[in-house]
Enquirer: 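One structure is given below, represented as structure tokens, and several questions about it will come after.
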Amino acid sequence: MDLLFMRHLRRLLLCGLWVVLAGINWQVDAAPLTALPTGFRTVLVTTGLQSPTAMAFAPDGRLFVAEQRGNLRVIQNGTLLSSPFLSLTVNFLGERGLLGLAFDPNFNANNYIYIYYTTATSPIHNRIVRYTANGNVVVPGSAFPLLDLNNLSAASNHNGGAMHFGPDGKLYVAVGENANKPYSQDFTNLLGKMLRINSNGSIPSDNPFYNTASGNNRAIWALGLRNPFTFAFQPGTGRMFINDVGAGTWEEINDGIAGSNYGWPTYEGPTNVPGYRSPLLAYPHQDGAYNGCAITGGTFYNPSVLEFPVSYVGSYFFADYCSNFIRRFNPVNGISYAFASNTHNNIVDLKVGPDGYLYYLARGTSSTDGRVYRIEYDLELTPPSITQHPQNLLLAVGEMAQFQCAAQGTPPFTYQWQRNTVNIPGATAAKYTISTVSLSDNGANFRCVVNNPAGSTTSNPATLTVIDGSRPTATIDTPTVGTLYQAGQTISYSGAGLDADEGDLPASAFEWEVVFHHDIHTHPFVLPYSGATGGTFDTPTESHSATNVWYRIRLTVTDATGLTRTVTRDVRPQITLVSLRSARTGLQINVDGVPYYTPAVISEIVGTIWNVEAVSPQILPETLKWVFESWSDGGAASHNITIPAGNPTYRAEFFGCPIIDPALPNAAPQRNFFNSDTAVLTWTRVPWSTGYWIQVDNSPAFNDPEFSDDTLTADQLSVTIPDLRDCTYHWRIRAKNANGIWGIVSDADSFVIDAP
């Protein structure tokens, strides 16, 4: 019996699932030219999602999708329902908003659904709330708060938000460090952690830090994470993989194990340092095989319905937000394989559906371009299906028109464009271009006929509308070209729109958006909004660990005919070089928890707030112990600084103390008993010493020493102390080096004078 027949037979036998899925009318529409292995194809599930962030399948097969602005949408039988399941008022600045969801393991009985979102009222923080479902809507008033996380700083990124129930019935929650690096290692803060709580919000007593942390911090299950955007449990084994979005170098897949410390901010990527768990897979940025920037989706392929080849079972699929790829990681051999490239833009989640196919959620290129796709597998010869239809165009006379079509199925493909259902001679490529449109083109329809060895299909028609006029002009007046910003600064922006016929365009014609750029990838900052000729936004004071960042302000104006004009203005940071110095080369100074070694020069944005810590004491190889004394700015060993312009220097002063040689632990003397009024005290010579100081007292507190001498020479290894009374005495010692620097005082030891 062949594989295809077995697959179809299994589908018919799975009656419960078939009832849910049989009525789905999946769209084969508007997908990108995704490159996939032979036998795989991409199918569009839905479009029109607004800045989606996460998705999850309900046990009954419905797909729920979270939108950043606060709506939780339902896709049922392949259709995006018009009414949201739930609408929350959230803070959606930057990466905040409605960020995660999970279904209770007993959802079919209790209808519980769990939501992770950013509160809209001060103090701004992320919150986990349980709701009760009633079909495709939430039960009014059913909100049951489970956990409020720590208040957020001005930084709007690194919120995490993924949630899943583990095989133990506990709710696991991935939380970012809010761009505050020290939080990741702080047991008094929930940020930068993987959390584990009960379904009622209480904290399991078997959590790894339950007895050492306090309050809600006992929910900490693992630490040392930067921005664990997604994670997944493997069906059957219960193994957890955590996708931690990296800073400037590495993206990580981590083995989720209770009590683990994944190293951030001290380490990123592979490490062999004891106490830190190295990633199972870490892929670098700017690498030919990856060229990634943010690992944002991950799921195991262990479905109850097998639709992919058996060799894929046990694989872990993961996606990169910037590079638009999905790869397959084999946990057995540790190798990552290419799977899908050129997916729709900005994947934020991956899931394996109850039908055995792989689904991905793409944020898209605009706030309304969010989409869900599924990736199918079938070795049968398949006719072409349109994955990208040509789009309607609105142009002015003299502009260029370009239509594009894409298809999937069994290659090779041939293309034939038609105008008003009539073939266009020579128009046999996937794209068709009219270099200059005229009024005679107004109202024309264009479509593409695609053929392959298995059949033929025709795209939807696209209408070309040509207007005898010109596009409006748009200008961004402020900030001006070349404006530099400082961290913590409020940036004001304003602009103007002018139409040749209408004159100055009203505020209702304006749409603004601000996007934060980091090297080759972007983050949402101010989502698109209309009805204003300007606005403001605040730049965070937290360090982004990089200076190749900027804000792009985008203005689009639309005239009465529907013609638009878009202009942008980039606002780049004012950069300075910060020098960290000390008298001794190689001393460690932590900046927001990240170690640097003097002398160090760090590029930073002016106005950024750092926490600088002069680590004290610290031991260097020449057996000197270096103890912090002062900072050049007068701050404590650990304190915050606001980075000024002008290439500032911060100097940490340390003094070096000799440390006791290991041959003489703490210079502890031999214990002796004497039958005279003279005690001979013996110790092991410290190799680097040039002299010793010794004290003797009948009190262990040494409040009033009866004998003290700091003139003992290096080669005198015993000392006689006269005139002692019948008593128990205590003594201690320390050594100095050739520079006259005294070492630490030894532990005290005792001896007895027993006079005859």
Enquirer: Quick check: does any side chain N or O of Asp349 sit under 3.5 Å from a backbone N or O of Gly297, one acting as donor and the other as acceptor?
Expert: no
Enquirer: For the residue pair Asn178 / Ser153, report whether a side-chain donor-acceptor contact shorter than 3.5 Å exists.
Expert: yes
Enquirer: Look at the side chain of Thr119 and the backbone N and O of His125, then say whether any donor-acceptor pair between them is shorter than 3.5 Å.
Expert: yes
Enquirer: How close do Tyr276 and Gln185 get, heavy atom to heavy atom, and via which atoms?
Expert: CE2-NE2, 4.3 Å
Enquirer: Passes side-chain contact (heavy atoms from CB on, under 4.5 Å), His639 versus Asp633? Steps please.
Expert: CA-CA 10 Å; His639 68 288; Asp633 66 349; 2.9 Å; yes
Enquirer: Drop me the distance from Ile128's CD1 to Leu99's CG, to the nearest 0.5 angstrom.
Expert: 11.0 Å
Enquirer: Atom CG of Asn159 and atom CG of Leu149: how far apart are they, to the nearest 0.5 Å?
Expert: 9.5 Å
Enquirer: So Gln618 and Phe654, do their side chains get closer than 4.5 Å, heavy atoms only?
Expert: yes
Enquirer: Cut-off 3.5 Å, side chains only: do Tyr262 and Arg277 have a donor facing an acceptor?
Expert: no
Enquirer: Among Ile253, Thr296, Asp320, which residue meets the side-chain contact (heavy atoms from CB on, under 4.5 Å) test with Asn243?
Expert: Ile253
Enquirer: Is Lys181 close to Ser543 at the side-chain level, that is, under 4.5 Å between some pair of heavy atoms?
Expert: yes
Enquirer: To the nearest 0.5 Å, how far apart are CD in Glu177 and NZ in Lys193?
Expert: 9.5 Å
Enquirer: To the nearest 0.5 Å, tell me how far Phe187 CZ sits from Phe209 CZ.
Expert: 4.0 Å
Enquirer: Going by heavy atoms in the side chains, are Asn126 and Tyr116 under 4.5 Å from each other?
Expert: yes
Enquirer: Do Asn640 and Asn611 have side-chain atoms, one donor and one acceptor, less than 3.5 Å apart?
Expert: yes
Enquirer: So, do Tyr172 and Phe233 sit near enough that their side-chain heavy atoms are less than 4.5 Å apart?
Expert: yes
Enquirer: Examine distances only and state if a side-chain atom of Thr118 and a backbone atom of Arg96 form a donor-acceptor pair shorter than 3.5 Å.
Expert: no
Enquirer: Is there side-chain contact between Leu225 and Met194, with at least one heavy-atom pair below 4.5 Å?
Expert: yes
Enquirer: What's the separation between atom CG in Leu171 and atom CD1 in Ile197, rounded to the nearest 0.5 Å?
Expert: 5.0 Å
Enquirer: So, Tyr360 versus Phe317, ring centres under 6.0 angstrom or not?
Expert: no
Enquirer: Are the side chain of Arg226 and the backbone of Val245 linked by a donor-acceptor contact shorter than 3.5 Å?
Expert: yes
Enquirer: List the atom of Gly256, the atom of Ile242, and the distance in Å for their closest heavy-atom pair.
Expert: CA-CD1, 3.9 Å
Enquirer: Verify whether the ring centers belonging to Phe318 and Phe241 lie closer than 6.0 Å.
Expert: no
Enquirer: May I ask you to check whether Tyr301 and Phe339 place their ring centres under 6.0 Å from each other?
Expert: no
Enquirer: With under 30° as parallel and over 60° as perpendicular, where do the rings of Phe308 and Tyr312 fit, or are they tilted in between?
Expert: perpendicular
Enquirer: Could you walk me through whether Asp538 and Thr490 satisfy the side chain to side chain donor-acceptor pair (under 3.5 Å) test, starting with their C-alpha distance in whole Å, then the side-chain angles of each, then the deciding distance to 0.1 Å, before giving a yes or no?
Expert: CA-CA 4 Å; Asp538 295 325; Thr490 297; 2.4 Å; yes
Enquirer: Test side-chain contact (heavy atoms from CB on, under 4.5 Å) on Tyr183 and Asn150 and set out the steps.
Expert: CA-CA 10 Å; Tyr183 289 167; Asn150 301 82; over 6 Å; no
Enquirer: Can you name the closest pair of heavy atoms from Ala232 and Gly298 and give their distance?
Expert: CB-O, 3.7 Å
Enquirer: If we ignore hydrogens and angles and just use 3.5 Å, is the side chain of Glu251 paired with the main-chain N or O of Ile295 as donor and acceptor?
Expert: yes
Enquirer: Would you say the side chain of Thr541 lies within less than 4.5 Å of the side chain of Thr608, judging by non-hydrogen atoms?
Expert: no
Enquirer: Between Val601 and Arg581, does the side-chain contact (heavy atoms from CB on, under 4.5 Å) criterion hold? Intermediate values first, please.
Expert: CA-CA 9 Å; Val601 179; Arg581 305 286 182 181; 4.3 Å; yes
Enquirer: Going by heavy atoms in the side chains, are Leu190 and Val175 under 4.5 Å from each other?
Expert: no
Enquirer: Any side-chain donor-acceptor pair under 3.5 Å between Asp570 and His517?
Expert: no
Enquirer: Give me the atom names and distance for the closest heavy-atom approach of Ala179 to Ala155.
Expert: CB-CB, 3.9 Å
Enquirer: Would you confirm whether Asn324, through its side chain, and Ser341, through its main-chain N or O, come within 3.5 Å as a donor-acceptor pair?
Expert: no
Enquirer: Nearest 0.5 angstrom please: Phe231 CZ to Asn254 CG, how far?
Expert: 13.0 Å
Enquirer: Under the criterion side-chain contact (heavy atoms from CB on, under 4.5 Å), I'd like the reasoning laid out for Arg196 against Asp206: C-alpha separation, chi angles, the key distance, then a yes or no.
Expert: CA-CA 10 Å; Arg196 177 177 181 257; Asp206 61 347; 2.8 Å; yes
Enquirer: Are any of the side-chain heavy atoms of Glu268 and Asp244 separated by less than 4.5 Å?
Expert: no
Enquirer: Checking the side chain of Thr53 only, and the main-chain atoms of Val348 only, is there a donor and an acceptor separated by less than 3.5 Å?
Expert: no
Enquirer: Given 3.5 Å as the limit, does a donor-acceptor pair link the side chain of Thr230 with the main chain of Ala162, or not?
Expert: no
Enquirer: In this structure, is the centre-to-centre distance between the rings of Phe229 and Tyr321 below 6.0 Å?
Expert: no
Enquirer: Classify the ring geometry of His344 against Tyr373: parallel below 30°, tilted from 30° to 60°, perpendicular beyond 60°.
Expert: tilted
Enquirer: Is it the case that the side chain of Thr576 and the backbone of Asn647 share a donor-acceptor pair, with hydrogens and angles ignored and the cut-off at 3.5 Å?
Expert: yes
Enquirer: Please check: side-chain N/O of Asn157 versus main-chain N/O of Gly94, any donor-acceptor pairing under 3.5 Å?
Expert: no
Enquirer: State, to 0.1 Å, how close Ile605 and Tyr485 come at their nearest heavy-atom pair, and which atoms those are.
Expert: CD1-OH, 3.8 Å
Enquirer: Ignoring hydrogens, what is the shortest heavy-atom contact between Trp631 and Glu613? Give both atom names and the distance.
Expert: CZ2-C, 4.4 Å
